[in-house]
Undergrad: 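Dropping a structure here in C-alpha cells format, bear with me for questions.
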Amino acid sequence: MTVSSSSNPPVIADANASVTVQLVGGPTAVIEIGGIRLITDPTFDPPGDHPVGERNLVKTTAPAVPVDDIGPVDVVLLSHDEHPDNLDDAGRRFLGDVPLVLSTAGAAERLGGVTCELPLWRSHVLRRPDGGELRITGVPAQHGPAGTEHLTGEVRGFVLSGVGLPTVYVSGDNASLAVVRDVADHAGPVDIAIIFGGHARSPVMDAYLTFSADQVAQAAEILDAPTVIPIHLEGWKHLTQESSAIPPAFARRGLSERLLMLDAGETVTVAGKQRPPAEV
C-alpha cells in the first residue's frame with residue numbers, strides 16, 4: 001500500500017482502486033467498487049410490450065444476465081421509476097430483495113419500501129469492507145429538452161467516490177450537455193463515466209430524450225474522463241441509434257482511446273487514476 005506525500009488527503013493505492021462493470025443489458029449494469037456491489041436501473045423482463053399511458057414501449061431483447069444470476073447487491077441506483085425501459089416489472093420485483101434503493105423524491109413516494117430520495121448534490125455514505133467509505137452523490141439529469149420535465153419526470157444521475165477509489169459518474173437518462181458541464185464542474189474530475197445513450201425519441205413531444213452517439217462523445221470530452229462506457233444503447237424500439245454509432249463518433253473527436261464498449265453480458269475491470277475524491 002502506498003500513501004501520497006502531498007498536502008491532499010491520503011490516497012490509498014490497493015486492489016479496491018479498480019472498478020468492475022458488468023453490462024446486463026439496456027440501462028442495467030452491475031458496478032463493483034470498494035467492495036460494494038451496485039446495480040443501475042434494473043430491467044429483467046423478456047421482450048414484449050410495455051404500455052405507458054397512451055404509448056407503448058416495446059422491449060426487443062432479453063437481458064444477457066438473468067435476474068437469478070445477479071447475486072446480492074448492496075444498492076440500486078435508480079435514475080427514475082416512471083419509464084419501463086429503466087424499471088420494468090421484473091426490475092420492480094427485484095427491488096424487494098435489496099437493502100437500499102437511491103432515486104428521486106417521486107420514486108421514493110411511489111415505490112416506498114427501501115427506496116429513498118437522494119437529493120441533488122447530497123450524498124449517501126456507505127461503509128466499505130476495508131473500513132473506508134463510498135460516497136454516492138445525487139447529480140442532475142435532464143430527460144429531454146429544457147422545459148419538458150413535467151412530461152418526462154425527474155431523473156437522477158449519480159457520482160461514486162471515496163478515498164483511494166476512482167470517481168465514477170452514472171448519467172442516468174440525460175439529454176443535456178449543460179448538465180454534464182455542471183457535473184464536471186462540481187463533482188469532477190471523473191475517472192470512469194457510464195453514459196446512457198441510444199438517442200431515445202418520444203413521439204408525444206417530437207423530441208429526443210437521451211444522448212445521441214455524438215453527444216455521448218461530447219460528454220466524454222467535457223468530463224475529460226479517461227474511461228467512458230456507453231450503455232442503454234439497444235433493446236428497445238424507441239432507441240434510434242445502435243451501439244455501432246458510438247465508435248465513429250468518438251473517433252471523429254480523437255477520443256477512441258477513452259471508449260470502452262461492452263457487449264451485453266460482458267464484464268470488465270477498470271483501474272482508475274489514484275487521486276482524492278472531489279469535494280461535493
Side-chain angles (χ1 to χ4, degrees), residues 24-31 37-46 48-59 63 67 70 72-126 136-160 170-176 179 194 196 198 200-205 207 209-210 231-232 235-239:
V24 175
T28 309
V30 177
I31 304 169
R37 295 187 88 232
L38 311 96
I39 192 168
T40 62
D41 289 1
T43 53
F44 295 106
D45 280 359
D49 293 343
H50 289 265
V52 181
E54 297 180 356
R55 294 179 294 154
N56 181 46
L57 300 185
V58 180
K59 188 173 187 179
V67 64
I70 293 296
V73 299
D74 300 296
V75 184
V76 173
L77 304 178
L78 179 60
S79 67
H80 60 300
D81 68 306
E82 297 167 280
H83 299 149
D85 60 320
N86 297 88
L87 183 67
D88 59 17
D89 295 335
R92 289 175 183 272
R93 292 191 293 271
F94 180 81
L95 299 186
D97 296 323
V98 300
L100 177 65
V101 180
L102 296 176
S103 192
T104 65
E109 181 178 345
R110 286 183 291 269
L111 297 173
V114 298
T115 303
C116 300
E117 178 191 7
L118 184 61
L120 290 177
W121 307 116
R122 300 291 183 87
S123 299
H124 184 92
V125 178
L126 296 174
I136 306 172
T137 302
V139 298
Q142 182 180 301
H143 197 5
T148 62
E149 291 82 2
H150 64 293
L151 295 173
T152 59
E154 185 181 12
V155 180
R156 191 68 77 245
F158 306 90
V159 171
L160 314 177
V170 180
S171 74
D173 278 354
N174 178 46
S176 169
V179 162
I194 300 174
F196 291 22
R201 186 168 182 82
S202 168
V204 173
M205 65 182 78
L209 306 183
T210 57
I231 67 172
H232 204 3
W236 292 83
K237 277 193 174 180
H238 64 286
L239 302 179

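Computed from heavy atoms alone, side chains included, the values below leave out hydrogens, waters and symmetry copies.
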Undergrad: Output a table of donor-acceptor pairs, distance under 3.5 Å, between side-chain atoms of residues 107-116 and any protein atom two or more places apart or on a different chain; print 'none' if there are none.
TA:
from: R110; atom 1: NE; to: D81; atom 2: OD1; distance (Å): 3.3
from: R110; atom 1: NE; to: D81; atom 2: OD2; distance (Å): 2.9
from: R110; atom 1: NH2; to: D81; atom 2: OD1; distance (Å): 2.7
from: T115; atom 1: OG1; to: G112; atom 2: O; distance (Å): 3.4

Undergrad: How close do F196 and P27 get, heavy atom to heavy atom, and via which atoms?
TA: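 Smallest interatomic distance, heavy atoms only, reads CE2-CB, 3.7 Å.
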Undergrad: How long is the span from the CZ atom in R93 to the CG atom in L87, to the nearest 0.5 Å?
TA: 10.5 Å
Undergrad: At what distance, to the nearest 0.5 angstrom, does CD of Q142 lie from CD of E154?
TA: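 Going from CD on Q142 over to CD on E154, the span is 12.0 Å.
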Undergrad: Under 3.5 Å, is there a donor-acceptor pair between the side chain of D49 and the main chain of V58?
TA: no
Undergrad: Between atom CD of E82 and atom OG of S103, what is the distance when rounded to the nearest 0.5 Å?
TA: 9.0 Å
Undergrad: What's the shortest heavy-atom distance between G198 and T210, and which atoms?
TA: C-OG1, 4.1 Å
Undergrad: Which value, rounded to the nearest 0.5 Å, describes the distance between T104 atom OG1 and H80 atom NE2?
TA: 9.0 Å
Undergrad: Please test S79 against D41 for side chain to side chain donor-acceptor pair (under 3.5 Å), starting from the C-alpha separation and ending with a verdict.
TA: CA-CA 6 Å; S79 67; D41 289 1; 2.7 Å; yes
Undergrad: Give, for atom OG1 of T137 and atom CZ of F158, the distance between the pair rounded to the nearest 0.5 Å.
TA: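 It is 10.5 Å, given to the nearest 0.5 Å.
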Undergrad: Any side-chain heavy atom of I39 sitting closer than 4.5 Å to one from L77?
TA: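 The answer is no, as the side chains (C-beta and beyond) never meet within the 4.5 Å cut-off.
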Undergrad: Is the shortest side-chain heavy-atom distance between V76 and L102 below 4.5 Å?
TA: no
Undergrad: Would you say D74 and L38 make side-chain contact, with heavy atoms under 4.5 Å?
TA: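 Side chain of D74 against side chain of L38, heavy atoms only: no contact under 4.5 Å found.
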Undergrad: Say whether, by atom type as modelled, one donor and one acceptor occur between the side chain of R156 and the main chain of L78 under 3.5 angstrom.
TA: no
Undergrad: For F44 and A90, which heavy atoms make the closest approach, and how far apart are they?
TA: CB-CB, 3.7 Å
Undergrad: Within the 4.5 Å heavy-atom criterion, are V170 and I31 side-chain neighbours or not?
TA: yes
Undergrad: Which pairs, with at least one residue in residues 98-119 and sequence neighbours excluded, count as a ring pair (Phe, Tyr, Trp, His ring centres under 6.0 Å)?
TA: none
Undergrad: How about V155 and N174: do any of their side-chain heavy atoms sit closer than 4.5 Å?
TA: no
Undergrad: Please determine if K59 and D45 form a salt bridge, counting it only when a charged side-chain N lies under 4.0 Å from a carboxylate O.
TA: no
Undergrad: Without swapping roles, check the side chain of R37 against the backbone of V75 for a donor-acceptor pair under 3.5 Å.
TA: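 It does not hold such a pair.
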Undergrad: From the options T40, T28, D173, T43, select the one residue that forms a side chain to side chain donor-acceptor pair (under 3.5 Å) with N86.
TA: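 Single pass found, and it is D173.
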Undergrad: OG/S123 to CG/L118 distance, rounded to the nearest 0.5 angstrom?
TA: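 It comes to 7.0 Å.
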